[in-house]
Amino acid sequence: MPFQIQWHRELPSTNTYLKAQAENGEALEGDVVAADFQTAGRGRLGRHWEALFGQSTLFSTLIYPQLEVERIALLGLLVGLSILEGLKMYLARLADEGVFFRTVEGFPIALNIDEVFKLKWPNDLLAAGKKLGGILCETGLDAAGRRFVVAGVGVNVRQRLEDFTRNLRTPPTSLYLLTGLEIQPKDLLAPLLNSLDIHLKRLRQDGPDWISREFADKTNCLGQEINVQIGQNSITGTFLTIEQDGALGLRLSNGTFQQIYSGDIHK
Ligand code: BTN
């Protein structure tokens with residue numbers, strides 16, 4: 001898919017901007033809106049997403065997913081898989097070129113890149129158990145009544161520890177803290193979009209059944225006892241599956257099976 005990239009110095013939120021364009025019929029599939037800084041960046045469940053100027057790769061892209069509406073959550077998982085693979089490929093290429101990784105926080109990135117990067121259901125990218133990035137997928141209807149998804153991605157690139165807001169729910173990390181490299185947020189855009197393109201082609205060619213399988217393979221906590229916070233409530237159980245519609249499958253202590261569509265995992 002040819003991506004059309006608009007880069008803004010500052011926007012309230014790349015998701016909000018692109019969603020409004022799509023609703024007004026002013027955006028096409030593959031349009032990408034990226035920014036150096038967002039004044040009102042948004043995360044899942046109405047949360048804020050903050051990053052200082054020029055420190056993160058922040059972008060949104062418009063997708064018309066070939067998915068039934070009941071399985072639309074799979075698209076968020078697919079975007080997570082794409083970002084994970086795109087980042088791994090980018091870092092592996094640097095390593096091949098002889099770039100030396102200095103692990104500022106002592107992560108074992110050079111030893112086993114597959115073990116370091118994980119996906120946390122539903123939409124977090126983790127590196128050595130810390131939050132490296134997040135994904136916010138939002139659906140809407142365009143001017144012709146067609147359902148679209150705006151997939152927004154934020155990856156922490158240049159942050160030092162002191163640049164992060166204190167008391168974040170999941171401890172944060174950045175590519176700088178992982179590798180010691182001064183990567184430019186713009187340099188990640190092409191590798192991440194290329195990976196997204198590969199994954200979207202696979203969705204078109206093979207349908208969606210592989211998505212939950214691959215996500216399960218790359219997720220943290222599968223098979224473990226977890227606690228899922230859903231609004232004010234929390235449920236404890238064993239994380240058994242990622243379902244074919246993207247739900248988390250949990251076996252409760254009384255033996256019943258529950259599907260969860262939205263929430264936060266705690267160990
Ligand atoms: C989360 O972790 O809750 C998801 C964070 C998603 C942040 C990205 S940054 C680019 C895009 N624009 C936004 O306002 N949010 C997403």
Side-chain angles (χ1 to χ4, degrees), residues 3 5-23 27 30-63 73 75-84 86-87 117-127 129-140 148-159 163-165 167-175 185-186 188-189 191-193 195-196 215 219-220 228-231 246 248 260-266:
F3 290 104
I5 301 169
Q6 303 171 31
W7 199 288
H8 296 253
R9 190 178 156 78
E10 180 180 312
L11 279 179
S13 149
T14 57
N15 260 44
T16 309
Y17 184 90
L18 186 56
K19 190 162 182 275
Q21 283 201 328
E23 282 164 351
D31 279 2
V32 176
V33 173
D36 290 314
F37 183 63
Q38 300 183 119
T39 53
R42 295 186 290 111
R44 275 193 325 121
L45 307 173
R47 297 181 185 133
H48 295 292
W49 175 267
E50 288 176 10
L52 298 176
F53 185 91
Q55 291 202 333
S56 293
T57 306
L58 308 167
F59 70 92
S60 303
T61 187
L62 180 62
I63 301 169
L75 195 76
L77 306 190
L78 176 144
V79 175
L81 285 165
S82 309
I83 300 308
L84 179 89
L87 264 177
F117 293 101
K118 295 277 176 201
L119 293 166
K120 179 177 174 192
W121 183 91
N123 289 136
D124 283 355
L125 173 66
L126 300 183
K130 298 189 173 182
K131 182 155 170 170
L132 180 64
I135 292 151
L136 174 67
C137 284
E138 298 181 291
T139 60
F148 66 77
V149 173
V150 168
V153 176
V155 179
N156 303 328
V157 179
R158 299 176 63 81
Q159 284 89 344
D163 295 330
F164 290 112
T165 313
N167 303 323
L168 290 170
R169 308 167 69 85
T170 312
T173 191
S174 69
L175 287 178
K186 276 193 170 109
L188 279 187
L189 198 56
L192 298 187
L193 290 172
S195 178
L196 181 59
F215 192 93
T219 196
N220 68 334
V228 189
Q229 184 87 32
I230 307 166
L248 182 157
I260 295 171
Y261 287 89
S262 172
D264 289 307
I265 296 180
H266 303 283

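Each residue takes its place number in the sequence, starting with 1. Every number for a ligand or one of its atoms is a count from 1 in the order of the listing.
- Between the NZ atom in Lys130 and the NZ atom in Lys120 there is a gap of 13.5 Å [rounded to 0.5 Å].
- Judged as a salt bridge (charged side-chain N to carboxylate O under 4.0 Å, His left out), the pairs with a partner in residues 45-63 (not counting sequence neighbours) are, in order, Arg47-Asp264.
- Annotation: side chain to side chain contact (heavy atoms under 4.5 Å, CB included) contacts of Ala151 (sequence neighbours excluded): Thr61, Ile63, Val79, Cys137.
- When every heavy atom of Leu175 is checked against every heavy atom of Leu87, the shortest pair comes out as CD1-CD2, 3.9 Å.
- A 4.5 Å side-chain heavy-atom check between Thr57 and Val153 finds every atom pair outside the cut-off.
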Below 3.5 Å only, please: the N or O atoms of ligand 1 paired with protein N or O atoms, distance on each line.
| unit_1 | atom_1 | unit_2 | atom_2 | d |
| --- | --- | --- | --- | --- |
| ligand 1 | 2 (O) | Lys131 | NZ | 2.6 |
| ligand 1 | 3 (O) | Arg44 | N | 2.7 |
| ligand 1 | 12 (N) | Thr14 | OG1 | 3.0 |
| ligand 1 | 12 (N) | Gln38 | OE1 | 2.9 |
| ligand 1 | 14 (O) | Ser13 | OG | 2.8 |
| ligand 1 | 14 (O) | Arg42 | N | 2.8 |
| ligand 1 | 15 (N) | Arg42 | O | 2.7 |

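- Shown here are the side chain to side chain contact (heavy atoms under 4.5 Å, CB included) partners of Pro12, two or more places apart in sequence or in another chain: Thr39, Ala40.
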